[in-house]
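Just so you know, these numbers come straight off a predicted model, no measurement behind them. When reading the values below, keep in mind they use all heavy atoms of this one structure, side chains included, and skip hydrogens, waters and symmetry mates.
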Amino acid sequence: MNYRVIDKETYYRKGVFWHFTEDCKCSTSMTARVDVTELVKCSKESNTKFYVNFLYILSMVLNSRDDYKMGYLWQTEELICYDRINPTQYIFHEDTETCTPVYTSYDPDYAAFYKNAVSDIEKAKQTREYGLDMEKHPNWFDASYISWLSYDSLNIELPDGFLYFLPIINWGKYREENGRLLMPVSVRMNHAIADGYLIANVFRLLEKEMAAFCNGKVKDEQI
């Protein structure tokens with residue numbers, strides 16, 4: 001884990017940051033349906049898992065811009081930007097109806113990420129421990145798949161005044177609408193470091209990177 005400290009006095013969102021950390025501490029979230037038709041298709045054609053492919057693209061998007069990699073050290077009241085953030089995915093156990101967090105390190109190399117993500121998932125299936133450890137994983141963001149529902153909205157609440165800056169991402173089942181497969185994706189961020197533009201930009205980048213990913217068609221031998 002590496003990070004750099006952001007000078008609050010020269011931070012380009014200084015005014016917004018101060019307002020939403022001093023006057024009005026709150027988060028902002030947005031849910032939109034993302035067209036995953038081509039990603040589903042190319043995942044099937046390449047015999048790879050759609051879930052892991054989407055997780056890789058999501059991690060790539062959130063690592064593409066500093067605004068999505070911000071953190072807050074409450075002990076020293078420092079605003080920081082991580083060099084890299086990684087996804088905390090969750091595995092659901094049908095027998096206990098509980099979840100186990102899975103810490104998967106983001107790797108820009110697709111084949112390496114895919115292999116590690118699949119391995120991490122298989123290991124998590126062998127335990128029923130909750131095992132959440134945020135202290136040792138400060139630069140991990142929540143990436144949670146709600147597999148039972150193609151929902152229309154979702155809201156994540158944190159305690160008032162809690163300055164948690166990493167993104168919280170949820171997505172549900174995709175469903176067919178007018179011949180296309182649309183999947184609900186929710187993005188929650190602290191308003192001090194993100195606004196409507198930055199959250200909407202996550203969806204725009206997802207669409208862009210999914211198209212690029214599919215145009216590059218992943219082959220079986222890469223895995």
Side-chain angles (χ1 to χ4, degrees), residues 1-6 29 34 36 39-40 42-43 46 48-73 79-92 99-125 131-147 156 164-172 183 185-190 193-194 198-199 201-219 222-223:
M1 180 196 64
N2 294 305
Y3 63 83
R4 70 180 190 279
V5 177
I6 304 297
S29 62
V34 175
V36 295
L39 184 60
V40 171
C42 78
S43 296
S46 60
T48 57
K49 298 179 183 295
F50 167 83
Y51 167 81
V52 179
N53 290 340
F54 180 76
L55 186 67
Y56 170 75
I57 294 169
L58 173 65
S59 300
M60 181 197 309
V61 164
L62 295 180
N63 275 281
S64 69
R65 181 163 176 151
D66 286 350
D67 294 287
Y68 307 134
K69 299 186 291 182
M70 305 295 277
Y72 186 75
L73 304 181
L79 175 65
I80 64 172
C81 179
Y82 293 107
D83 290 348
R84 180 176 295 179
I85 58 175
N86 312 286
T88 304
Q89 48 175 318
Y90 293 85
I91 296 304
F92 182 75
C99 292
T100 295
V102 183
Y103 293 107
T104 297
S105 295
Y106 170 62
D107 193 321
D109 180 87
Y110 168 73
F113 178 87
Y114 190 99
K115 179 180 178 180
N116 291 335
V118 170
S119 176
D120 293 338
I121 290 170
E122 290 306 312
K123 290 177 183 176
K125 288 180 179 179
L132 188 67
D133 188 356
M134 294 180 65
E135 184 176 353
K136 292 183 179 178
H137 301 84
N139 58 323
W140 263 255
F141 67 92
D142 265 42
S144 183
Y145 172 41
I146 302 173
S147 62
I156 301 291
Y164 180 81
F165 289 167
L166 288 171
I168 297 177
I169 313 295
N170 296 86
W171 65 98
M183 185 173 77
V185 178
S186 301
V187 179
R188 181 269 180 202
M189 296 191 70
N190 193 294
I193 49 90
L198 287 170
I199 293 180
N201 196 49
V202 173
F203 297 98
R204 295 165 64 195
L205 289 171
L206 280 173
E207 292 174 347
K208 175 184 175 183
E209 295 301 336
M210 281 192 293
F213 182 89
C214 292
N215 287 335
K217 291 293 178 75
V218 182
K219 303 299 182 182
Q222 290 181 277
I223 308 303

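Of all non-hydrogen atoms in P87 and A143, the two that sit nearest each other are CB-CB, 4.2 Å. Here the shortest heavy-atom pairing between I85 and Y106 reads O-CB, 3.6 Å. Residues S43 and L39 approach most closely at OG-O, 2.7 Å, considering heavy atoms. Of all non-hydrogen atoms in I121 and V102, the two that sit nearest each other are N-CG1, 4.2 Å. When all heavy atoms are compared, the tightest approach of L79 to F165 is CD1-CE1, 3.6 Å. In this structure, L198 and Y68 approach most closely via the heavy-atom pair O-OH, 2.5 Å.
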F203 and V185: CA distance, side-chain angles, deciding distance, side-chain contact (heavy atoms from CB on, under 4.5 Å) verdict: CA-CA 8 Å; F203 297 98; V185 178; 3.8 Å; yes
side-chain contact (heavy atoms from CB on, under 4.5 Å) assessment of L58 paired with F141: CA-CA 11 Å; L58 173 65; F141 67 92; 4.1 Å; yes
Pair M210-V34, side-chain contact (heavy atoms from CB on, under 4.5 Å): steps then yes or no: CA-CA 10 Å; M210 281 192 293; V34 175; 3.2 Å; yes
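Aromatic rings of F213 and Y110 (six-membered ring for Trp) have centroids within the 6.0 Å cut-off, being under it.
Looking only at side-chain heavy atoms (C-beta outward), Y145 and I169 stay at 4.5 Å or farther from each other. Within the 4.5 Å cutoff, the side chain of Y3 has no heavy atoms near those of the P138 side chain. Inter-residue side-chain proximity for Y90 and T100 is flagged as unmet; no heavy-atom pair is nearer than 4.5 Å. The closest side-chain heavy-atom distance from L205 to S64 is below 4.5 Å. M189 places none of its side-chain heavy atoms less than 4.5 Å from the side chain of Y164. For the pair F92 and K125, the minimum side-chain heavy-atom distance is 4.5 Å or more.
Qualifying salt bridge (charged side-chain N to carboxylate O under 4.0 Å, His left out) partners for R65, counting only residues two or more places apart in sequence or in other chains: D67. Remark: S144 pairs with no residue by the side-chain hydrogen bond (donor to acceptor under 3.5 Å, both in side chains) rule, at least two apart or across chains. Scanning for salt bridge (charged side-chain N to carboxylate O under 4.0 Å, His left out) contacts around D142 gives an empty result, with sequence neighbours left out.
Between the side chain of K69 and the main chain of L62, no donor-acceptor pair closer than 3.5 Å is present. A donor-acceptor pair under 3.5 Å is formed between the side chain of N139 and the backbone N or O of R84. With hydrogens and angles disregarded, no donor-acceptor distance shorter than 3.5 Å links the side chain of N190 to the backbone of I193. In this structure a side-chain-to-backbone donor-acceptor pair under 3.5 Å is missing from S119 to K115. Put simply, the side chain of Y56 gets close to the backbone of P108: a donor and an acceptor are under 3.5 Å apart.
For the atom pair OG (S29) and CD1 (I168), the distance works out to 9.5 Å, reported to the nearest 0.5 Å. Atom CD1 of I80 and atom CD1 of I6 lie 9.0 Å apart (nearest 0.5 Å).
Using a 4.0 Å cut-off between charged nitrogen and carboxylate oxygen, R4 and D66 count as a salt-bridge pair. For E207 and R204, the salt-bridge test fails: no basic side-chain N is under 4.0 Å from an acidic carboxylate O.
A donor-acceptor pair shorter than 3.5 Å cannot be found between the side chains of Q89 and Y103. The closest side-chain donor-acceptor pair between N86 and S105, if any, does not fall under 3.5 angstrom.
Aromatic ring pairs are classed by plane angle as parallel below 30°, tilted from 30° to 60° and perpendicular above 60°; the pair W140 and H137 is perpendicular.
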